[in-house]
Amino acid sequence: MSNTIKKISIPIIAVLLGVIVGTIIMFATGYNPADAYTALWNGAFGDIYFTGEVVRQITPLILAGLAVAFAFRTGLFNIGVEGQLIVGWLAAVWVGISFDLPKIIHLPLAVLAAAAAGALWAFVPGFLKARFRVHEVIVSIMMNYVALHVSNYLIRNVLTDKADRTENIAPTASLRSGFLESLTDYSRMHWGILIAVGCAILMWIILEKTVKGYELKSVGFNQNASQYAGMNVNRNIILSMVISGAFAGLAGAMEGLGTFEYVSNKGGFTGVGFDGIAVALLGANGPVGILLAACLFGFLKVGALNMPLEAGVPNEMVDIIIALIVFFVASSYMIRLFLERLSKNKSKKGEK
(Lines give C-alpha, C1' and ligand atoms only; values in the text may rest on other atoms or scores of the structure.)
Protein backbone atom coordinates (compact mmCIF):
# COMPACT_ATOMS: atom_id res chain seq x y z
CA MET A 1 0.00 0.00 0.00
CA SER A 2 1.46 3.36 -1.05
CA ASN A 3 2.18 6.16 1.44
CA THR A 4 -0.35 8.43 -0.31
CA ILE A 5 -3.15 5.88 0.15
CA LYS A 6 -2.15 5.46 3.80
CA LYS A 7 -2.23 9.22 4.39
CA ILE A 8 -5.71 9.42 2.90
CA SER A 9 -6.98 6.27 4.60
CA ILE A 10 -5.90 7.10 8.16
CA PRO A 11 -8.09 10.24 8.63
CA ILE A 12 -11.07 8.51 6.97
CA ILE A 13 -10.73 5.48 9.23
CA ALA A 14 -10.29 7.77 12.27
CA VAL A 15 -13.57 9.57 11.42
CA LEU A 16 -15.41 6.28 10.92
CA LEU A 17 -14.09 4.86 14.20
CA GLY A 18 -15.06 8.08 16.02
CA VAL A 19 -18.60 7.87 14.64
CA ILE A 20 -18.88 4.15 15.46
CA VAL A 21 -17.70 4.56 19.05
CA GLY A 22 -19.91 7.64 19.41
CA THR A 23 -22.86 5.57 18.22
CA ILE A 24 -22.08 2.90 20.81
CA ILE A 25 -21.95 5.58 23.53
CA MET A 26 -25.37 6.88 22.41
CA PHE A 27 -26.84 3.38 22.61
CA ALA A 28 -25.29 2.86 26.04
CA THR A 29 -26.72 6.14 27.38
CA GLY A 30 -30.22 5.53 26.02
CA TYR A 31 -30.23 7.84 22.98
CA ASN A 32 -31.29 6.94 19.47
CA PRO A 33 -28.26 7.35 17.13
CA ALA A 34 -30.44 7.43 13.99
CA ASP A 35 -32.45 10.34 15.37
CA ALA A 36 -29.27 12.07 16.54
CA TYR A 37 -27.51 11.86 13.18
CA THR A 38 -30.66 12.90 11.33
CA ALA A 39 -30.96 15.96 13.56
CA LEU A 40 -27.25 16.63 13.05
CA TRP A 41 -27.65 16.59 9.27
CA ASN A 42 -30.81 18.70 9.33
CA GLY A 43 -29.14 21.20 11.63
CA ALA A 44 -26.38 21.76 9.06
CA PHE A 45 -28.02 21.18 5.67
CA GLY A 46 -31.75 21.02 6.32
CA ASP A 47 -32.09 24.74 5.59
CA ILE A 48 -30.02 27.08 3.42
CA TYR A 49 -29.55 29.39 6.42
CA PHE A 50 -27.84 26.62 8.39
CA THR A 51 -25.64 25.80 5.41
CA GLY A 52 -24.50 29.43 5.35
CA GLU A 53 -23.71 29.17 9.05
CA VAL A 54 -21.66 26.04 8.39
CA VAL A 55 -19.54 27.96 5.87
CA ARG A 56 -19.24 30.82 8.36
CA GLN A 57 -18.01 28.36 11.01
CA ILE A 58 -15.60 26.71 8.59
CA THR A 59 -13.85 30.00 7.74
CA PRO A 60 -11.86 30.63 10.98
CA LEU A 61 -11.30 26.87 11.43
CA ILE A 62 -9.44 26.72 8.12
CA LEU A 63 -7.12 29.55 9.15
CA ALA A 64 -6.57 28.16 12.66
CA GLY A 65 -5.78 24.76 11.14
CA LEU A 66 -3.33 26.36 8.69
CA ALA A 67 -1.62 28.17 11.58
CA VAL A 68 -1.08 24.95 13.51
CA ALA A 69 -0.13 22.95 10.42
CA PHE A 70 2.43 25.46 9.15
CA ALA A 71 4.30 25.25 12.44
CA PHE A 72 3.99 21.44 12.46
CA ARG A 73 5.42 21.19 8.95
CA THR A 74 8.46 23.14 10.07
CA GLY A 75 9.07 21.14 13.24
CA LEU A 76 7.31 23.43 15.72
CA PHE A 77 4.15 23.10 17.82
CA ASN A 78 2.30 26.40 17.95
CA ILE A 79 -0.25 25.83 20.69
CA GLY A 80 -0.69 29.59 21.04
CA VAL A 81 -3.02 29.95 18.04
CA GLU A 82 -5.88 30.85 20.38
CA GLY A 83 -4.02 33.85 21.79
CA GLN A 84 -2.84 34.95 18.36
CA LEU A 85 -6.43 34.76 17.14
CA ILE A 86 -7.60 36.94 20.03
CA VAL A 87 -5.04 39.69 19.40
CA GLY A 88 -5.75 39.51 15.67
CA TRP A 89 -9.46 39.96 16.39
CA LEU A 90 -8.70 42.95 18.63
CA ALA A 91 -6.37 44.59 16.09
CA ALA A 92 -8.83 44.15 13.22
CA VAL A 93 -11.69 45.74 15.17
CA TRP A 94 -9.46 48.54 16.44
CA VAL A 95 -8.64 49.51 12.86
CA GLY A 96 -12.29 49.02 11.90
CA ILE A 97 -13.59 51.53 14.45
CA SER A 98 -10.70 54.01 14.54
CA PHE A 99 -10.32 55.09 10.93
CA ASP A 100 -12.56 56.65 8.33
CA LEU A 101 -11.21 55.40 5.02
CA PRO A 102 -12.50 54.15 1.67
CA LYS A 103 -13.33 50.45 1.68
CA ILE A 104 -10.57 49.63 -0.79
CA ILE A 105 -8.07 50.83 1.84
CA HIS A 106 -9.91 50.28 5.11
CA LEU A 107 -10.75 46.58 4.74
CA PRO A 108 -7.26 45.44 3.59
CA LEU A 109 -5.71 47.56 6.36
CA ALA A 110 -7.89 45.90 9.02
CA VAL A 111 -7.10 42.42 7.67
CA LEU A 112 -3.36 43.16 7.54
CA ALA A 113 -3.46 44.58 11.07
CA ALA A 114 -4.91 41.28 12.31
CA ALA A 115 -2.22 39.28 10.51
CA ALA A 116 0.50 41.58 11.89
CA ALA A 117 -0.84 41.31 15.46
CA GLY A 118 -0.95 37.50 15.28
CA ALA A 119 2.53 37.42 13.77
CA LEU A 120 3.90 39.70 16.51
CA TRP A 121 2.33 37.55 19.24
CA ALA A 122 3.89 34.42 17.70
CA PHE A 123 7.26 36.16 17.32
CA VAL A 124 7.81 35.99 21.11
CA PRO A 125 7.81 32.17 21.45
CA GLY A 126 9.66 31.92 18.12
CA PHE A 127 12.42 34.28 19.29
CA LEU A 128 12.76 32.57 22.67
CA LYS A 129 12.94 29.17 20.94
CA ALA A 130 15.58 30.36 18.48
CA ARG A 131 17.70 32.42 20.88
CA PHE A 132 17.46 30.55 24.18
CA ARG A 133 15.98 27.16 23.16
CA VAL A 134 12.93 27.72 25.38
CA HIS A 135 10.27 25.24 24.28
CA GLU A 136 7.62 26.96 22.15
CA VAL A 137 4.77 24.95 23.69
CA ILE A 138 5.37 26.39 27.15
CA VAL A 139 5.72 29.98 25.98
CA SER A 140 2.90 29.93 23.42
CA ILE A 141 0.35 28.37 25.78
CA MET A 142 1.12 30.99 28.43
CA MET A 143 0.83 33.73 25.80
CA ASN A 144 -2.78 32.61 25.31
CA TYR A 145 -3.64 33.81 28.81
CA VAL A 146 -1.70 37.03 28.36
CA ALA A 147 -3.63 37.70 25.14
CA LEU A 148 -6.97 37.01 26.80
CA HIS A 149 -6.48 39.32 29.77
CA VAL A 150 -4.60 42.08 27.95
CA SER A 151 -7.29 42.24 25.26
CA ASN A 152 -10.02 42.41 27.93
CA TYR A 153 -8.17 45.28 29.62
CA LEU A 154 -7.74 47.19 26.35
CA ILE A 155 -11.40 46.73 25.43
CA ARG A 156 -12.61 48.12 28.76
CA ASN A 157 -10.05 50.89 29.22
CA VAL A 158 -8.82 51.95 25.78
CA LEU A 159 -11.35 51.08 23.10
CA THR A 160 -14.37 51.82 25.31
CA ASP A 161 -15.21 53.59 28.54
CA LYS A 162 -15.62 50.58 30.87
CA ALA A 163 -17.97 48.85 28.40
CA ASP A 164 -18.04 45.10 27.79
CA ARG A 165 -17.86 45.44 24.00
CA THR A 166 -16.84 47.94 21.37
CA GLU A 167 -19.12 49.64 18.91
CA ASN A 168 -19.56 47.98 15.54
CA ILE A 169 -16.83 48.49 12.97
CA ALA A 170 -17.39 50.86 10.05
CA PRO A 171 -19.09 49.29 7.01
CA THR A 172 -15.94 50.06 5.01
CA ALA A 173 -13.98 47.57 7.14
CA SER A 174 -16.60 44.81 7.08
CA LEU A 175 -16.32 41.43 5.34
CA ARG A 176 -20.11 41.11 5.37
CA SER A 177 -21.71 40.42 2.00
CA GLY A 178 -25.32 41.24 1.18
CA PHE A 179 -25.02 38.95 -1.83
CA LEU A 180 -23.89 35.90 0.20
CA GLU A 181 -26.39 36.65 2.94
CA SER A 182 -29.26 36.79 0.43
CA LEU A 183 -28.16 33.45 -1.05
CA THR A 184 -28.26 31.82 2.40
CA ASP A 185 -31.44 33.35 3.83
CA TYR A 186 -29.47 36.04 5.71
CA SER A 187 -26.97 33.83 7.49
CA ARG A 188 -23.68 35.34 8.68
CA MET A 189 -21.69 33.89 5.79
CA HIS A 190 -19.17 36.46 4.53
CA TRP A 191 -16.31 36.99 2.07
CA GLY A 192 -13.79 35.68 4.58
CA ILE A 193 -14.19 32.18 3.13
CA LEU A 194 -12.32 33.39 0.03
CA ILE A 195 -9.47 34.68 2.22
CA ALA A 196 -9.32 31.34 4.06
CA VAL A 197 -9.16 29.30 0.85
CA GLY A 198 -6.62 31.75 -0.58
CA CYS A 199 -4.42 31.27 2.50
CA ALA A 200 -4.58 27.48 2.05
CA ILE A 201 -3.28 27.94 -1.50
CA LEU A 202 -0.64 30.38 -0.22
CA MET A 203 0.60 27.87 2.37
CA TRP A 204 0.96 25.21 -0.35
CA ILE A 205 2.90 27.62 -2.58
CA ILE A 206 5.24 28.67 0.24
CA LEU A 207 6.05 25.16 1.43
CA GLU A 208 6.09 23.31 -1.89
CA LYS A 209 7.15 25.85 -4.50
CA THR A 210 9.65 28.21 -2.87
CA VAL A 211 13.25 27.93 -1.71
CA LYS A 212 12.34 29.47 1.64
CA GLY A 213 9.63 26.83 2.12
CA TYR A 214 12.21 24.12 1.46
CA GLU A 215 14.47 25.70 4.07
CA LEU A 216 11.65 25.87 6.62
CA LYS A 217 10.79 22.19 6.14
CA SER A 218 14.46 21.24 6.22
CA VAL A 219 14.96 22.98 9.55
CA GLY A 220 11.91 21.12 10.84
CA PHE A 221 13.30 17.76 9.77
CA ASN A 222 16.86 18.22 11.05
CA GLN A 223 18.28 21.44 12.45
CA ASN A 224 21.86 20.21 12.58
CA ALA A 225 21.89 19.08 8.95
CA SER A 226 20.23 22.33 7.88
CA GLN A 227 22.84 24.39 9.69
CA TYR A 228 25.61 22.30 8.14
CA ALA A 229 24.08 23.02 4.72
CA GLY A 230 24.39 26.76 5.38
CA MET A 231 20.81 27.56 6.41
CA ASN A 232 20.13 30.08 9.18
CA VAL A 233 18.26 27.84 11.63
CA ASN A 234 17.35 30.53 14.16
CA ARG A 235 15.97 32.91 11.54
CA ASN A 236 13.87 30.13 9.99
CA ILE A 237 12.43 29.13 13.38
CA ILE A 238 11.31 32.71 13.99
CA LEU A 239 9.95 33.08 10.44
CA SER A 240 7.96 29.87 10.77
CA MET A 241 6.28 31.04 13.98
CA VAL A 242 5.62 34.50 12.52
CA ILE A 243 3.88 33.06 9.44
CA SER A 244 1.91 30.65 11.63
CA GLY A 245 0.85 33.55 13.86
CA ALA A 246 -0.22 35.60 10.83
CA PHE A 247 -2.62 32.83 9.79
CA ALA A 248 -3.99 32.74 13.35
CA GLY A 249 -4.42 36.51 13.40
CA LEU A 250 -6.40 36.28 10.16
CA ALA A 251 -8.69 33.76 11.85
CA GLY A 252 -9.42 36.46 14.42
CA ALA A 253 -10.12 38.95 11.63
CA MET A 254 -12.78 36.62 10.25
CA GLU A 255 -14.63 36.86 13.56
CA GLY A 256 -14.07 40.58 14.11
CA LEU A 257 -14.72 41.81 10.58
CA GLY A 258 -17.15 39.18 9.36
CA THR A 259 -19.15 37.24 11.93
CA PHE A 260 -19.57 39.72 14.80
CA GLU A 261 -18.20 43.08 13.60
CA TYR A 262 -17.12 43.98 17.13
CA VAL A 263 -14.93 42.64 19.92
CA SER A 264 -16.11 42.01 23.47
CA ASN A 265 -14.71 40.99 26.83
CA LYS A 266 -14.24 37.24 27.03
CA GLY A 267 -14.72 35.12 30.11
CA GLY A 268 -12.65 32.38 28.49
CA PHE A 269 -11.12 31.23 25.25
CA THR A 270 -13.09 31.07 22.01
CA GLY A 271 -11.95 27.48 21.40
CA VAL A 272 -11.34 28.09 17.69
CA GLY A 273 -7.57 28.13 18.14
CA PHE A 274 -7.60 24.82 19.97
CA ASP A 275 -9.97 23.34 17.39
CA GLY A 276 -7.31 24.29 14.85
CA ILE A 277 -5.04 21.64 16.39
CA ALA A 278 -7.65 18.96 15.73
CA VAL A 279 -8.27 20.29 12.21
CA ALA A 280 -4.55 20.18 11.42
CA LEU A 281 -4.18 16.65 12.81
CA LEU A 282 -7.17 15.32 10.91
CA GLY A 283 -6.06 17.13 7.75
CA ALA A 284 -2.57 15.57 7.98
CA ASN A 285 -1.09 19.11 8.03
CA GLY A 286 -1.81 19.57 4.32
CA PRO A 287 -3.87 22.43 2.81
CA VAL A 288 -6.40 20.15 1.07
CA GLY A 289 -6.78 17.96 4.15
CA ILE A 290 -7.27 21.02 6.35
CA LEU A 291 -10.02 22.35 4.06
CA LEU A 292 -11.84 19.00 4.29
CA ALA A 293 -11.28 18.64 8.04
CA ALA A 294 -12.56 22.18 8.66
CA CYS A 295 -15.68 21.35 6.62
CA LEU A 296 -16.29 18.28 8.81
CA PHE A 297 -15.80 20.21 12.05
CA GLY A 298 -17.96 23.11 10.86
CA PHE A 299 -20.72 20.66 9.94
CA LEU A 300 -20.51 18.92 13.31
CA LYS A 301 -20.47 22.10 15.38
CA VAL A 302 -23.38 23.82 13.62
CA GLY A 303 -25.43 20.65 13.22
CA ALA A 304 -24.97 19.81 16.91
CA LEU A 305 -27.07 22.83 17.89
CA ASN A 306 -30.13 21.08 16.43
CA MET A 307 -29.65 17.75 18.22
CA PRO A 308 -31.24 18.74 21.57
CA LEU A 309 -34.21 20.32 19.78
CA GLU A 310 -35.01 17.60 17.27
CA ALA A 311 -33.68 14.41 18.89
CA GLY A 312 -33.33 15.25 22.58
CA VAL A 313 -29.63 14.40 22.41
CA PRO A 314 -27.25 16.82 24.17
CA ASN A 315 -24.98 18.60 21.71
CA GLU A 316 -22.03 17.68 23.92
CA MET A 317 -22.29 14.30 22.23
CA VAL A 318 -20.70 15.89 19.16
CA ASP A 319 -17.80 17.06 21.32
CA ILE A 320 -17.35 13.44 22.37
CA ILE A 321 -17.31 12.31 18.73
CA ILE A 322 -14.79 15.03 17.84
CA ALA A 323 -12.60 13.98 20.78
CA LEU A 324 -12.79 10.36 19.62
CA ILE A 325 -11.82 11.35 16.07
CA VAL A 326 -8.81 13.26 17.41
CA PHE A 327 -7.90 10.28 19.61
CA PHE A 328 -7.93 7.90 16.66
CA VAL A 329 -5.95 10.34 14.50
CA ALA A 330 -3.40 10.66 17.30
CA SER A 331 -3.33 6.86 17.46
CA SER A 332 -2.60 6.68 13.75
CA TYR A 333 0.29 4.28 14.41
CA MET A 334 -2.22 1.55 15.26
CA ILE A 335 -4.26 2.29 12.13
CA ARG A 336 -1.09 2.33 10.00
CA LEU A 337 -0.01 -1.01 11.51
CA PHE A 338 -3.44 -2.49 10.72
CA LEU A 339 -3.26 -1.26 7.11
CA GLU A 340 0.26 -2.66 6.68
CA ARG A 341 -0.78 -6.07 7.96
CA LEU A 342 -3.86 -6.01 5.74
CA SER A 343 -1.66 -5.17 2.75
CA LYS A 344 0.80 -7.96 3.60
CA ASN A 345 -2.02 -10.50 3.93
CA LYS A 346 -3.38 -9.53 0.52
CA SER A 347 0.06 -9.82 -1.08
CA LYS A 348 0.59 -13.29 0.47
CA LYS A 349 -2.79 -14.45 -0.86
CA GLY A 350 -1.85 -13.08 -4.28
CA GLU A 351 1.41 -15.06 -4.23
CA LYS A 352 -0.49 -18.25 -3.47
Side-chain angles (χ1 to χ4, degrees), residues 56 59-60 63-64 67 78-128 136 138-176 188 190-192 195-196 238 241-276:
R56 190 270 309 167
T59 302
L63 289 160
N78 182 10
I79 203 170
V81 171
E82 179 72 23
Q84 294 146 25
L85 180 151
I86 289 172
V87 297
W89 186 341
L90 179 70
V93 171
W94 175 72
V95 172
I97 64 177
S98 300
F99 297 95
D100 183 15
L101 298 167
K103 192 176 185 74
I104 196 172
I105 298 174
H106 203 180
L107 178 56
L109 183 63
V111 171
L112 290 174
L120 180 63
W121 212 253
F123 170 82
V124 176
F127 174 78
L128 293 175
E136 71 277 7
I138 297 172
V139 180
S140 60
I141 198 169
M142 296 310 296
M143 292 287 285
N144 288 334
Y145 292 93
V146 177
L148 176 66
H149 296 296
V150 168
S151 65
N152 282 348
Y153 174 84
L154 292 176
I155 291 165
R156 288 186 60 83
N157 296 281
V158 178
L159 298 184
T160 70
D161 185 16
K162 305 299 182 183
D164 289 331
R165 52 154 287 185
T166 65
E167 60 188 80
N168 281 14
I169 60 173
T172 51
S174 177
L175 284 168
R176 287 282 181 91
R188 292 176 293 174
H190 53 78
W191 289 121
I195 296 176
I238 295 172
M241 286 297 290
V242 165
I243 295 174
S244 173
F247 284 138
L250 287 174
M254 300 303 101
E255 301 293 75
L257 304 179
T259 301
F260 298 100
E261 296 190 318
Y262 62 86
V263 63
S264 62
N265 276 342
K266 298 172 182 63
F269 295 124
T270 68
V272 175
F274 297 116
D275 287 337

Pair W94 + F99: ring centers closer than 6.0 Å: yes
What's the shortest heavy-atom distance between A117 and A91, and which atoms? CB-CB, 3.6 Å
Of all heavy-atom pairs between R156 and A163, which one has the smallest distance, and what is that distance? CG-O, 3.5 Å
L175 and A253 have their tightest heavy-atom pair at CD1-O, 4.2 Å
How about Q84 and N78: does a side-chain donor come under 3.5 Å of a side-chain acceptor? yes
Do the non-hydrogen side-chain atoms of L159 and L90 ever get within less than 4.5 Å of each other? yes
Are the side chain of H190 and the backbone N or O of L257 linked by a donor-acceptor pair below 3.5 Å? no
Checking the side chain of S151 only, and the main-chain atoms of L148 only, is there a donor and an acceptor separated by less than 3.5 Å? yes
Sorted by chain and number, sequence neighbours left out, salt bridge (charged side-chain N to carboxylate O under 4.0 Å, His left out) with E136 holds for K129
Report the C-alpha separation of E82 and T270 in whole Å, then their side-chain angles, then the decisive distance to 0.1 Å, and conclude whether the side chain to side chain donor-acceptor pair (under 3.5 Å) test is met. CA-CA 7 Å; E82 179 72 23; T270 68; 2.6 Å; yes
Between OG1 on residue T160 and CD on residue E167, distance to nearest 0.5 Å: 10.0 Å
Rounded distance (nearest 0.5 Å) linking atom CG of L154 with atom CG of N265: 10.0 Å
Looking only at atom types and distance, does a side-chain atom of R165 sit under 3.5 Å from a main-chain N or O of V263, one as donor and one as acceptor? no
Do you know the tightest heavy-atom contact between A122 and G245? CB-CA, 3.6 Å
Whether the side chain of W121 engages the backbone of G83 through a donor-acceptor N/O pair (distance < 3.5 Å, no angle test) should be reported. no
Between atom CG of L107 and atom CD1 of I195, what is the distance when rounded to the nearest 0.5 Å? 6.5 Å
Which heavy-atom pair separates P60 from A251 by the least distance, and what is that distance? O-CB, 3.8 Å
Could you tell me the separation between the CE atom of M241 and the CG atom of L128, rounded to the nearest 0.5 Å? 10.0 Å
Where the side chain of K103 meets the backbone of P171, is there a donor-acceptor pair that is under 3.5 Å apart? yes
Using modelled atom types only, decide if a donor and an acceptor are shared between the side chain of N152 and the backbone of G267 within a distance under 3.5 Å. no
Pair N157-K162, side-chain donor/acceptor within less than 3.5 Å: yes
Spatial distance of atom CD1 (I86) from atom NE2 (H149) [nearest 0.5 Å]: 9.5 Å
Looking at G192 and M254, what are the two nearest heavy atoms and their distance? CA-SD, 3.4 Å
CH2-OH distance between W89 and Y262, expressed to the nearest 0.5 angstrom: 7.5 Å
Please assess L101 against T172 for the test side chain to side chain contact (heavy atoms under 4.5 Å, CB included), listing each intermediate value before the final yes or no. CA-CA 7 Å; L101 298 167; T172 51; 5.7 Å; no
